[in-house]
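What you are looking at is a predicted structure, and each value in this text was computed from that prediction instead of being measured. Every chain is numbered from 1, with letters handed out A, B, ... down the list of sequences.
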There are 2 protein chains.
Amino acid sequence: MAAHTESRRDASDRRQAILDAALELFAERGFHGTAVPLVAERAGVGAGTLYRYFESKEALVNALYRSWKAALASSLFEGFPTDLPPRALFGECYRRLCRFAVEHPRAFTFLELHHHAPYLDAQSRACDELVLRPIRDLAEQARHALALKDLAPELLMAVVYGAVVGLVRAAEAGHLPMPLEEALRQAEPVVWEAIRR
Amino acid sequence: MAAHTESRRDASDRRQAILDAALELFAERGFHGTAVPLVAERAGVGAGTLYRYFESKEALVNALYRSWKAALASSLFEGFPTDLPPRALFGECYRRLCRFAVEHPRAFTFLELHHHAPYLDAQSRACDELVLRPIRDLAEQARHALALKDLAPELLMAVVYGAVVGLVRAAEAGHLPMPLEEALRQAEPVVWEAIRR
DNA sequence: CCAAACGGAACGAACGTTCATTCCGCTCGC
DNA sequence: GCGAGCGGAATGAACGTTCGTTCCGTTTGG
C-alpha cells in the first residue's frame, strides 16, 4: 500500500512536470508556436506519456489556464482582511496582484497572453469571473463610500490592471531602468491617484 | 504609361489586400495560428500569388508590423503642436493614441499581440524606438518642468500605455458597460492624475 | 522465499494530417 | 501569339496523436 501511494505521487509529479514545462513554453512561444513533443522533452517524459495525463494539447492548455487562474484568485483573496479603509483595501489588492506577478512572472504572462483565446473552453472562461467579481464588488463598495472616482468600476479596474500589465511587459522588454518589483512599488501611489476621488 | 501606372496600382492593391487580410487574421488568431493559404483566400488571391509579394510568412508579418508601427508613429506625431503646456501636451498624445486605437482596433491589437515576438527581425524591433523615443523625450521635458511625478519616464509611460491597452482589451472582452471610445474619453483625466505631480 | 508471470505506465517511432512553400499550366493584356 | 503574372494542385517538412513494444513493480504458485 505504501508502494501504491508512492507510485501515485510519481504520477502526480509527472503531471506537474508537464504543466511546468508547458507554462514556460506557452508563455514564451504561445500555444500554436509550441510543439507537443517539445513540451514532453522539457518535462522529461516521452511524447506519448503526455497523453496519459492530458487528453489533447487543448486539454493541457485549459488545465494550465484554470490551475493558474485559481492560483491567482487564491493569492488575491486567501485570508483577505475585509474591514479596511478604501486606500488600504486598494493597497492590499494591488500588492497581492504585484506579488503574484513578481513570484510567478511566467504564469502572469501566460494568463495575460491566453486571455480569451479561442482554444479555451467555457469552463476556463468561467474562471475569469472568479477573479473579476470579488474585485468588482470591492470597487463598487469603495465607489459608494465616495473613495473612488464616480466612474464604472470596470473602467477603473481595467486601468489598474492594465497599468500593472504594462509595467510587467515593459520590464520584460528591458524598457525599465529598475527591477520590476521596484517599479511596481513606485507605481502604487501613481495608480491610486488615478482612481481615487 | 498610363497602363503601366495602372498595372502597378493593381499590384499595389493586391499587396494591400494581402496585408489587410493578414492584419485581421493575425490579430484574431495569432501568427502561428494562421495558415498562409487562409490569408491568401481572405485577400482574394491564390496561395502562390502571396509569395510574389512577400518572401515568406515571416516577411509578411514583419512588413505588416513595420507598416502599422509607422502608421502609429505618424498618427502620434504628424503635425504635432510642440509648444503646449504639459497638461495639454499629455492630452494631445493621449487622444492621438486613443484615436488610433479606435480607428484601427485590429492594428492596435495586432501591434500589442506581436510586441517583441521572436519572429520579428531587428528592423521591426527598431521601429518601436520610433514611437518610444519622442514620447520619452516629451515626458522627460515635462518631468523637468515639474509637471510630472519625479519618477522614471519609462515607468509613467508604461502605466499610461498599459492603461489604454487594458481598456481596449476590456472593451474587446465585453467587460465595459460603455463603448470603447467613451471609456477612453472618461479615462483621460484618470490617467493624467496618475502621472501628474 | 524465490522465480515466473502479470498489469499497466512509459517510450518514441510511425501515422495521417496540415502546414509553408514551390511549380507549372493557364490566362490575359499588349 | 507571347510573355508576365496568376492560381491552386503538388511537395516535403512538421505537426498532433497513436500504437506496438519495453520496462518495472507487484502478485502468485511452488
Side-chain angles (χ1 to χ4, degrees), chain A residues 1-26 28-65 114 117-121, chain B residues 1-26 28-65 114 117-121:
Chain A
M1 178 185 153
H4 183 233
T5 301
E6 192 185 328
S7 74
R8 276 182 61 103
R9 178 145 64 79
D10 285 349
S12 158
D13 286 354
R14 247 159 216 279
R15 195 186 135 93
Q16 194 55 52
I18 292 167
L19 285 169
D20 291 347
L23 176 66
E24 273 196 50
L25 291 167
F26 287 162
E28 275 169 22
R29 315 152 58 106
F31 177 69
H32 290 298
T34 303
V36 171
L38 190 66
V39 176
E41 190 192 343
R42 180 81 66 105
V45 305
T49 305
L50 190 147
Y51 286 86
R52 300 207 137 270
Y53 294 93
F54 302 96
E55 261 199 359
S56 64
K57 193 186 183 187
E58 278 203 11
L60 169 58
V61 76
N62 274 278
L64 193 61
Y65 187 85
H114 294 76
Y119 38 80
L120 291 184
D121 59 30
Chain B
M1 180 184 155
H4 183 232
T5 301
E6 192 184 325
S7 73
R8 272 177 60 103
R9 180 143 63 81
D10 283 351
S12 156
D13 285 353
R14 248 163 214 275
R15 196 186 132 93
Q16 194 56 50
I18 293 167
L19 284 170
D20 291 347
L23 176 66
E24 272 196 49
L25 291 167
F26 286 162
E28 272 170 25
R29 314 152 57 107
F31 176 68
H32 290 298
T34 303
V36 172
L38 190 66
V39 176
E41 189 193 344
R42 180 81 66 105
V45 304
T49 306
L50 188 147
Y51 285 86
R52 302 200 67 75
Y53 294 93
F54 301 96
E55 262 198 0
S56 65
K57 192 187 184 187
E58 279 205 11
L60 169 60
V61 76
N62 275 277
L64 193 61
Y65 187 85
H114 294 76
Y119 37 80
L120 292 182
D121 58 30

Closest heavy-atom contact between [X] and [Y]?
X	Y	value
A:G46	A:A40	O-CB, 3.7 Å
B:F31	B:K57	O-NZ, 2.9 Å
A:A63	A:F54	CB-CE2, 3.8 Å
B:A21	B:V39	CB-O, 3.6 Å

What is the distance, to the nearest angstrom, from the [atom1] atom on [X] to the [atom2] atom on [N]?
X	N	atom1	atom2	result
A:L50	D:dC15	CG	P	15 Å
A:R15	C:dA10	CZ	P	13 Å
A:E41	D:dT17	CD	C1'	18 Å
B:F31	C:dA20	CZ	P	8 Å
B:Y51	D:dA10	OH	P	18 Å
A:E55	D:dT17	CD	P	10 Å
B:K57	C:dT21	NZ	P	8 Å

For nucleotides 21-24 of chain D, tabulate all protein N/O to nucleotide N/O atom pairs closer than 3.5 Å, reporting atom names and distance.
none

Got a second to check how far B:T34's OG1 is from A:H32's NE2, nearest 0.5 Å?
8.0 Å
Would you call the rings of B:H114 and B:Y119 parallel, tilted or perpendicular if under 30° counts as parallel and over 60° as perpendicular?
perpendicular
Restricting to nitrogen or oxygen on both sides, can you table the protein-nucleotides 4-7 of chain D pairs closer than 3.5 Å?
{"unit_1": "D:dC6", "atom_1": "OP1", "unit_2": "B:R14", "atom_2": "NE", "d": "3.4"}
{"unit_1": "D:dC6", "atom_1": "OP1", "unit_2": "B:Y53", "atom_2": "OH", "d": "3.2"}
{"unit_1": "D:dG7", "atom_1": "OP2", "unit_2": "B:R14", "atom_2": "NH1", "d": "3.4"}
{"unit_1": "D:dG7", "atom_1": "OP2", "unit_2": "B:G46", "atom_2": "N", "d": "2.9"}
{"unit_1": "D:dG7", "atom_1": "OP2", "unit_2": "B:T49", "atom_2": "OG1", "d": "2.5"}

Keeping the roles fixed (side chain from B:N62, backbone from B:D121), state whether a donor-acceptor pair exists under 3.5 Å.
yes
Atom CD of residue position A:E41 - does it have more than 12 heavy atoms of other residues, nucleotides or ligands inside 6.0 Å?
no
